[in-house]
Every structure is written in C-alpha cells, then in structure tokens.
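Along the sequence shown, the residues carry numbers beginning at 1.
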Amino acid sequence: MSIPTLLLHPYQHFLNSLRIPSPRLHCILHSGRHPASGASSAVLLKPSGHHCTKWTLLSGGPRRALCAQATLKDHTEGLSDKEQKFVDKLYTGLVGGQRACLAEAITLVESTHARKKELAQALLQRVLAHRREQERLNQGKPLTFRVGLSGPPGAGKSTFIEYFGKMLTERGHRLSVLAVDPSSCTSGGSLLGDKTRMIELSRDMNAYIRPSPTSGTLGGVTRTTNEAILLCEGGGYDIILIETVGGDELQGIKRGIIEMADLVVITKSDGDLVVPARRIQAEYVSALKLLRRRSGVWRPKVIRISARSGEGISEMWDAMREFQQVMLASGELTTKRQKQQRVWMWNLIQENILEHFKTQPGIREQIPLMERKVLSGALSPGLAADLLLKAFKSKP
C-alpha cells in the first residue's frame with residue numbers, strides 16, 4: 001500500500017479526477033505543508049486486527065498427506081545441536097521480551113541464506129504456536145493491533161509516529177515500528193534514516209523501531225514484513241506500526257489509492273494551515289462519498305490532526321480502535337486477514353520458484369544468451385520465455 005499526496009495544490013479541485021471504488025479502513029494523513037509548494041500531502045494509515053491463521057490440510061494421496069502437528073517437528077529434526085540451541089536461545093529471549101533477541105530474530109528471517117531460512121522457519125513455527133496459545137487464553141481475541149502508515153516525503157510521517165508512539169507508550173502500550181525504506185535500483189543500498197528522526201521514541205524502552213530495506217520488493221513492504229510482524233507480536237508488542245514506502249504527489253488521485261483508506265487523517269492542521277486543512281478535509285469527505293463501500297459495517301472517516309500540538313490525535317486513535325472493534329465483531333477483519341495470509345503464501349511460493357528456475361543447471365547458462373537475443377531484437381520476450389520454460393519442463 002502506498003499513500004501519497006492527494007491534493008498537489010490546496011486550491012486545485014480534484015474531485016473530477018477521482019473515479020475510484022470503495023475504501024477499506026486505512027487512515028490518510030493529509031499534511032498542510034508541502035515542502036515545495038506549500039500544499040498538503042497525505043499519509044495512509046491502515047489499522048487492523050490480528051488473529052490466528054487456520055491451517056489447511058491438503059492431501060494428494062497417502063504419501064503426500066500433511067499433518068499440522070508434525071510441522072514443527074519436521075522443521076526441527078534436521079537441526080544440529082548447535083542450531084537447535086541457537087533457535088531455543090532466540091525463542092526464549094524473544095518471548096521473554098529481550099529486544100536484542102527480537103533484533104537478531106528479524107535479521108535471521110531477513111536473510112536469504114538457504115540454511116538460515118530453515119532456521120528462521122523453525123523459529124517462526126515456535127512463535128506462531130506461542131501466539132495461538134496466547135490468543136486461546138484470551139478467549140480467542142487478538143492480542144495485537146496492526147497499523148499501516150504510508151505517504152510521500154514531507155507528509156510528516158516520522159513526526160506523527162514519534163508523537164503518536166509516545167502517547168501510546170504513556171498509556172501502557174508496547175509499540176513496535178517497522179519502518180520500510182526503498183532500496184536504490186542502482187546500488188541496492190537504503191538510507192534507513194527513519195530511526196534517526198524519532199529520537200525520543202527510540203529511547204523509550206516500551207518502543208522498538210526497526211528500519212528495513214525493500215531490497216527490490218514491490219508493494220511498499222519487504223519480503224519478510226509478515227514474519228517481522230509475527231516476531232514483534234511474539235515479543236509482547238501489542239501495537240505494530242508498519243511505515244511503508246510512500247508515493248509521489250500524483251498517486252493520491254489515481255484509482256486504487258483512496259479505495260484502500262479506512263481512516264483519512266489531515267496532518268499539519270495548525271497555524272496558518274488550519275483553513276487549507278479544513279478545505280482539504282471537506283474535499284476528502286466529498287471524494288469518499290463517490291466510492292462504493294466495501295465494508296458493510298464501516299465507513300471511512302476524515303479527521304484533522306497536528307503532531308506539533310497533539311490536537312486530534314487522541315480522537316484519531318479512538319476512531320482506529322472503533323474500527324478494530326466493529327470489524328472484529330462483524331468478522332470482516334478476520335476474513336480479510338485470512339485472505340492476506342493466503343496471498344502472502346503464494347507470493348513466497350512464486351518468489352522461491354523463480355529463484356529455483358534461475359539457478360537451475362542448464363537454465364542458468366541459457367538465461368544470458370536469451371537476454372542478449374531479446375535485447376538485439378532476434379527474439380521476442382514471449383518466445384524467449386517460452387523456450388526457457390520448455391527447457392525447464394523437459395528437465396528430469
């Protein structure tokens with residue numbers, strides 16, 4: 001999800017450009033200050049509940065039957081004593097609330113090393129079992145609350161997160177911030193500067209901030225964001241804030257962006273910008289009326305806030321909690337999360353299949369040749385892909 005500026009200029013009327021379907025519960029923070037033009041920019045928040053994913057047992061015959069109870073055993077049987085002690089140490093420290101173990105666990109799941117991936121899955125299975133047990137003791141109710149935040153540079157994301165995060169920790173919550181930064185297409189590097197802009201929050205022992213590069217992953221999150229969320233929840237953090245990669249000033253008027261919104265929040269509504277912020281708020285209210293509702297129980301709200309004075313932030317949090325309660329009571333949030341888990345599973349399958357395809361002996365050597373032929377115009381991309389796939393299928 002990526003939420004950018006919805007209104008490039010405060011006086012520009014954009015409702016005629018909006019032809020978008022219904023929103024879900026996201027929060028858009030629309031800033032009253034744009035660094036270049038003085039116009040406002042928008043940030044998207046998506047609060048969401050957390051719940052268990054049900055195992056689906058698939059059977060392709062007696063030899064291929066899967067047993068959910070054997071899953072954890074299968075992941076630990078192949079570990080050496082040293083590896084098992086390492087996983088045990090991480091798990092014990094993680095559920096015990098040790099920040100160093102949480103950081104090391106997230107580093108492990110982010111690794112692309114084949115053996116470390118296996119260790120990561122063994123750890124994740126134990127954390128998942130722990131989470132299910134904790135939710136069972138809580139009468140099946142989710143213990144955590146997930147919030148997605150996205151927006152362009154200058155929208156005030158870091159300022160908002162710092163104020164919002166301090167408010168939550170002062171109220172007794174434990175907050176984890178997963179800040180996703182875009183990686184360079186040229187060098188592959190990433191600045192990871194979000195933590196340096198949240199000085200006060202980074203010193204709070206009830207808050208954990210973890211910047212991560214996208215490493216080429218599309219969609220505003222990293223390849224392992226889902227696993228990192230699970231680890232943070234296993235570490236006892238009850239609110240998980242995911243700051244995703246934002247877009248540019250034009251993204252807000254494109255189809256598909258506003259329809260993701262569950263809560264629209266106009267940021268930087270203070271001083272001389274109160275009047276423009278009110279105007280923007282009215283335009284968002286009008287724009288949201290044009291969208292077909294996806295939820296039968298929730299209609300997105302539009303709120304103005306100021307991270308400088310704190311005005312409106314408590315009301316915003318109340319709206320987010322209201323959303324969570326309403327959606328959980330209706331069952332819509334649980335259904336949505338289950339669908340997301342399924343999509344995430346297939347995304348990982350596609351990623352691993354592609355990696356297996358590219359490294360397969362015989363295919364690996366043909367790929368550069370086919371790429372040269374495509375670049376020279378000797379082969380169409382479609383024909384080159386067909387030839388590589390046929391060669392891959394013909395292999396024993």
- Considering residues at least two apart in sequence or located in another chain, which fulfil the salt bridge (charged side-chain N to carboxylate O under 4.0 Å, His left out) criterion with Arg171? none
- Message: What I'd like to find out is whether the side chain of Leu201 reaches to under 4.5 Å of the side chain of Leu175, using heavy atoms alone.
- Response: yes
- Message: For Ser269 versus Ile266, what's the shortest heavy-atom pair and its separation?
- Response: CB-O, 4.2 Å
- Task: Would you name the heavy atoms of Lys117 and Ser111 that are closest together and state the gap between them?
- Result: CG-O, 3.7 Å
- Message: I'd like to check the salt bridge (charged side-chain N to carboxylate O under 4.0 Å, His left out) partners of Glu200; sequence neighbours left out, ordered by chain and number.
- Response: Arg203
Between side-chain atoms of residues 373-381 and protein atoms elsewhere (two or more places apart, or another chain), which donor-acceptor pairs fall under 3.5 Å?
residue	atom	partner	partner atom	Å
Ser376	OG	Arg372	O	3.2
Ser376	OG	Lys373	O	3.0
Ser380	OG	Leu383	N	3.1

- Do Thr107 and Arg210 have side-chain N/O donor and acceptor atoms under 3.5 Å apart? yes
- Item | For Glu133, all residues meeting salt bridge (charged side-chain N to carboxylate O under 4.0 Å, His left out), sequence neighbours excluded | Arg136
- Query: Taking the side chain as C-beta and beyond, is there a heavy-atom pair between Glu315 and Lys301 under 4.5 Å?
  - Reply: no
- Message: Hydrophobic clustering (ILVMFWY, side-chain heavy atoms < 4.5 Å, transitive) - are Phe392 and Leu388 grouped together?
- Response: yes
- Task: Please report the closest heavy-atom contact between Ile303 and Ala319, naming both atoms and the distance.
- Result: CD1-CB, 3.9 Å
- Task: Verify the neighbour count for atom NZ of Lys116: are there more than 12 heavy atoms of other residues, nucleotides or ligands below 6.0 Å?
- Result: no
- Query: Would you find more than 12 non-hydrogen atoms of other residues, nucleotides or ligands less than 6.0 Å from Asn138 atom CG?
  - Reply: yes
- Query: Under the side-chain hydrogen bond (donor to acceptor under 3.5 Å, both in side chains) test, which residues partner Thr169, sequence neighbours left out?
  - Reply: Asp204
- Message: Rounded to the nearest 0.5 Å, what separates atom CG in Leu333 from atom CZ in Arg146?
- Response: 9.5 Å
- Item | Hphob cluster co-occupancy, Leu369 + Ile367, side-chain heavy atoms under 4.5 angstrom | no
- Query: Do the non-hydrogen side-chain atoms of Tyr208 and Arg174 ever get within less than 4.5 Å of each other?
  - Reply: no
- Query: Quick one: ring pair (Phe, Tyr, Trp, His ring centres under 6.0 Å) partners of Phe164, sequence neighbours excluded?
  - Reply: Phe160, Trp317
- Sequence neighbours excluded, the answer for side-chain hydrogen bond (donor to acceptor under 3.5 Å, both in side chains) partners of Ser309 is Ser306
- Query: Can you list every pair that meets salt bridge (Lys or Arg N to Asp or Glu O under 4.0 Å) and has a residue in residues 83-95, with sequence neighbours left out?
  - Reply: Glu83-Arg115, Asp88-Arg126, Lys89-Glu104
- Item | Distance (rounded to the nearest 0.5 Å) between Asp318 CG and Ile313 CD1 | 12.0 Å
- Can you sort out the partners of Asp238 under side-chain hydrogen bond (donor to acceptor under 3.5 Å, both in side chains), two or more places apart, ordered by chain and number? His173
- Query: Who are the side-chain hydrogen bond (donor to acceptor under 3.5 Å, both in side chains) partners of Glu162, not counting sequence neighbours?
  - Reply: none
- Query: Is the closest side-chain heavy-atom distance between Asn352 and His356 below 4.5 Å?
  - Reply: no
- Hey, could you give me the CD1/OG distance between Ile363 and Ser394, rounded to the nearest 0.5 Å? 7.0 Å
- What closest approach, in Å, do Arg304 and Gln281 show between heavy atoms, and which atom pair accounts for it? NE-OE1, 3.0 Å
- Item | Rounded distance [0.5 Å steps], CD in Gln350 versus CZ in Phe357 | 14.5 Å
- Query: At what distance, to the nearest 0.5 angstrom, does NZ of Lys268 lie from OG1 of Thr159?
  - Reply: 7.0 Å
- Item | Sidechain-backbone polar pair: Glu311 side chain, Asp270 backbone, donor-acceptor under 3.5 Å | no
- Message: Can you tell me how far apart CG (Leu230) and CG (Leu123) are? Round to the nearest 0.5 Å.
- Response: 8.5 Å
- Message: With a 4.5 Å cut-off on side-chain heavy-atom distances among I, L, V, M, F, W and Y, is there a chain of contacts connecting Val274 to Val302?
- Response: no
- Query: With side chains defined as the heavy atoms from C-beta onward, is the minimum distance between Glu332 and Trp298 less than 4.5 Å?
  - Reply: no
- Could you tell me which non-hydrogen atom of Leu178 sits nearest to which non-hydrogen atom of Cys232, and how far apart they are? CD2-SG, 3.9 Å
- Message: Between Gln324 and Arg321, is there a side-chain donor-acceptor contact under 3.5 Å, judged purely by atom types and distance?
- Response: yes
- Query: Counting distance only, does the side-chain N/O of Glu110 pair as donor-acceptor with the main-chain N or O of Thr224 below 3.5 Å?
  - Reply: no
- Query: Between Ile239 and Met320, is a side chain to side chain contact (heavy atoms under 4.5 Å, CB included) present by the stated rule, with each step listed?
  - Reply: CA-CA 12 Å; Ile239 299 178; Met320 292 163 65; over 6 Å; no
- Query: Other than Met345, which residues form its hydrophobic cluster under the rule that side-chain heavy atoms must be closer than 4.5 Å?
  - Reply: Trp346, Ile349, Ile353
- Query: What about Leu389 and Met370, same hydrophobic cluster or not, with Ile/Leu/Val/Met/Phe/Trp/Tyr joined at side-chain heavy-atom distances under 4.5 Å?
  - Reply: yes
- Message: Treating Glu365 as the side-chain partner and Pro361 as the backbone partner, does any N or O pair qualify as donor plus acceptor under 3.5 Å?
- Response: no
- Could you tell me which residues satisfy side chain to side chain contact (heavy atoms under 4.5 Å, CB included) with Arg364, sequence neighbours excluded, listed by chain and number? none
- Any side-chain heavy-atom pair of Ser295 and Met327 under 4.5 Å: yes
- Is the closest side-chain heavy-atom distance between Leu328 and Gln325 below 4.5 Å? no
- Query: Between Thr359 and Glu355, what is the shortest heavy-atom contact and its length?
  - Reply: OG1-O, 2.9 Å
- Message: Do Glu233 and Val127 have side chains that approach each other closer than 4.5 Å (heavy atoms only, starting at C-beta)?
- Response: no
